[in-house]
Amino acid sequence: MEEMDVTRALREIGRVEAPERLADRVLVSVGAVDSYAMVDTVVGQLAVAHNHRGVSGTMRTADSALFERWFSDRVGRLAHRVDELPQRLSTAVVEQISGDKRHALRYDLRELTPFERAVLEMTQRIPRGEVRPYAWVAREIGHPAAVRAVGSALARNPVPYLIPCHRVVRSDGMIGNYGGGGPIAKKAILRIEGMQPEEFDVLRSGRRLSGSTSTRIFCHPTCHNARRVTSRRRVYFRSVDEARAAGMRPCRVCRPVA
């Protein structure tokens, strides 16, 4: 009798319907698919993907299909939508972007090259609300001639807004492009972080460096040290050579390059 019950149960297995998207959930559990959810932030709604390694992708969009296509193309894995992120991660994302609190978020950047990861790591050292030129990043990672390659690496950032590639601008002072939504979005998040309209004007005018006639130190114009200089003590330069020729020495904090 027991043998007949087992046989009947085995026959019934083929008739059982699997829960919706069970395959996706199984793949998520083994790390072959990343989970994502929509999160409301000060820059708008973000689709945020993550896995056991960390945050793996972000995009400012409310369109699930668009994000899933982008994620597949950029990262090379599938993304499975869930109702919400784990609470601690969701809070960290919101607070990190708003500036309310800094979090030690982990990121999954395994699809990037070591050079690209080095570029993105360096951008995280640029203080909130400040900007540096591509040439600064190239020098800081030990590849001063790789300015164009730095730009390409920033364009491949799969986690814009959290990894702040928006804090890197062109050496000629132009704001440059931005994978997180173009130049308009780049300016918007920099304003949220505290950059002032006149600072955009300074960069756009080609005044790449700011010096103090009292301390005889020159900085990048958005360096917090430069911001403390009063207007009557502030002078501008278009190059490091010009600043040095005026008897200035470089700031040890922002380590200017232009």
Side-chain angles (χ1 to χ4, degrees), residues 42-43 96-102 118-147 150-151 153-154 157 160-178 180 183-258:
V42 293
V43 298
Q96 183 101 332
I97 294 174
S98 68
D100 291 338
K101 187 177 180 180
R102 185 171 181 177
V119 168
L120 296 186
E121 180 182 342
M122 186 53 62
T123 68
Q124 296 180 74
R125 301 183 189 181
I126 304 172
R128 180 180 175 83
E130 298 185 22
V131 296
R132 302 287 185 269
Y134 293 105
W136 181 90
V137 177
R139 185 199 62 191
E140 291 292 303
I141 64 171
H143 296 275
V147 176
V150 165
L154 293 172
N157 178 13
Y161 298 104
L162 293 175
I163 296 181
C165 55
H166 56 271
R167 296 177 193 162
V168 186
V169 298
R170 285 171 33 176
S171 293
D172 62 4
M174 299 302 291
I175 200 70
N177 211 343
Y178 180 48
I184 293 177
K186 189 171 185 175
K187 285 184 177 181
I189 190 169
L190 286 171
R191 288 192 187 100
I192 288 171
E193 291 189 346
M195 268 193 71
Q196 301 300 311
E198 58 269 21
E199 291 177 324
F200 288 105
D201 294 339
V202 166
L203 293 174
R204 192 164 48 243
S205 71
R207 292 172 285 175
R208 302 179 187 179
L209 302 169
S210 173
S212 167
T213 58
S214 58
T215 64
R216 310 301 296 174
I217 292 174
F218 67 94
C219 306
H220 289 292
T222 59
C223 173
H224 67 271
N225 287 327
R227 285 172 169 159
R228 290 204 295 260
V229 179
T230 61
S231 58
R232 69 188 184 89
R233 295 288 187 183
R234 187 181 299 122
V235 290
Y236 292 102
F237 305 99
R238 294 180 180 273
S239 70
V240 168
D241 288 343
E242 185 180 332
R244 288 186 181 278
M248 299 277 179
R249 65 185 188 277
C251 173
R252 293 182 179 179
V253 176
C254 70
R255 301 177 298 281
V257 59

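Only this structure's heavy atoms are used, side chains among them; waters, hydrogens and symmetry mates stay out.
In this structure, Q124 CD and C165 SG are separated by 10.5 Å, a value rounded to the nearest 0.5 Å. The SG atom of C223 sits 11.5 Å away from the CZ atom of F218 when rounded to the nearest 0.5 Å. In this structure, NE2 in H224 is found 7.0 Å from SG in C251, a value given to the nearest 0.5 Å. Here NZ of K187 is found 15.0 Å from NE2 of H166. Values are rounded to the nearest 0.5 Å. Distance CD1/I189 to CD1/I97: 6.5 Å, rounded to 0.5 Å. For the atom pair Q196 CD and T222 OG1, the distance stands at 11.5 Å (nearest 0.5 Å).
Between A153 and L120, the shortest heavy-atom distance links the atoms O-CD2, 4.3 Å. Of all non-hydrogen atoms in A226 and P221, the two that sit nearest each other are CB-O, 3.7 Å. A pairwise comparison of heavy atoms in N225 and C219 identifies CB-SG, 4.1 Å as the closest pair. Nearest heavy-atom pair, A118 versus I141, reported as atom, atom and distance to 0.1 Å: O-CG2, 3.7 Å. The minimum heavy-atom distance linking M248 with I217 is given by the pair SD-N, 3.7 Å. Between V229 and G211, the shortest heavy-atom distance links the atoms CG1-O, 4.4 Å.
Taking the side chain as every heavy atom from C-beta outward, R132 and P127 approach each other to under 4.5 Å. Here the side chains of H220 and L209 are in contact, with some heavy-atom distance below 4.5 Å. Side-chain atoms of R128 and P164, non-hydrogen and from C-beta on, never get closer than 4.5 Å to each other. No side-chain heavy atom of Q96 sits less than 4.5 Å from a side-chain heavy atom of K101.
Pairs of residues two or more places apart, or lying in two chains, that qualify as salt bridge (Lys or Arg N to Asp or Glu O under 4.0 Å) and include a residue from residues 211-236 are E199-R227.
The ring-ring contact (aromatic ring centres under 6.0 Å, His included) test applied to H143 returns F115, not counting sequence neighbours.
Ion pairing between E140 and R255 holds under the 4.0 Å rule for side-chain N and carboxylate O. Between R244 and D241 there is no salt bridge, since no side-chain nitrogen of the basic residue lies less than 4.0 Å from a carboxylate oxygen of the acidic one.
Here the rule is side-chain contact (heavy atoms from CB on, under 4.5 Å) with V168, and of V131, I126, V119 only I126 fits it.
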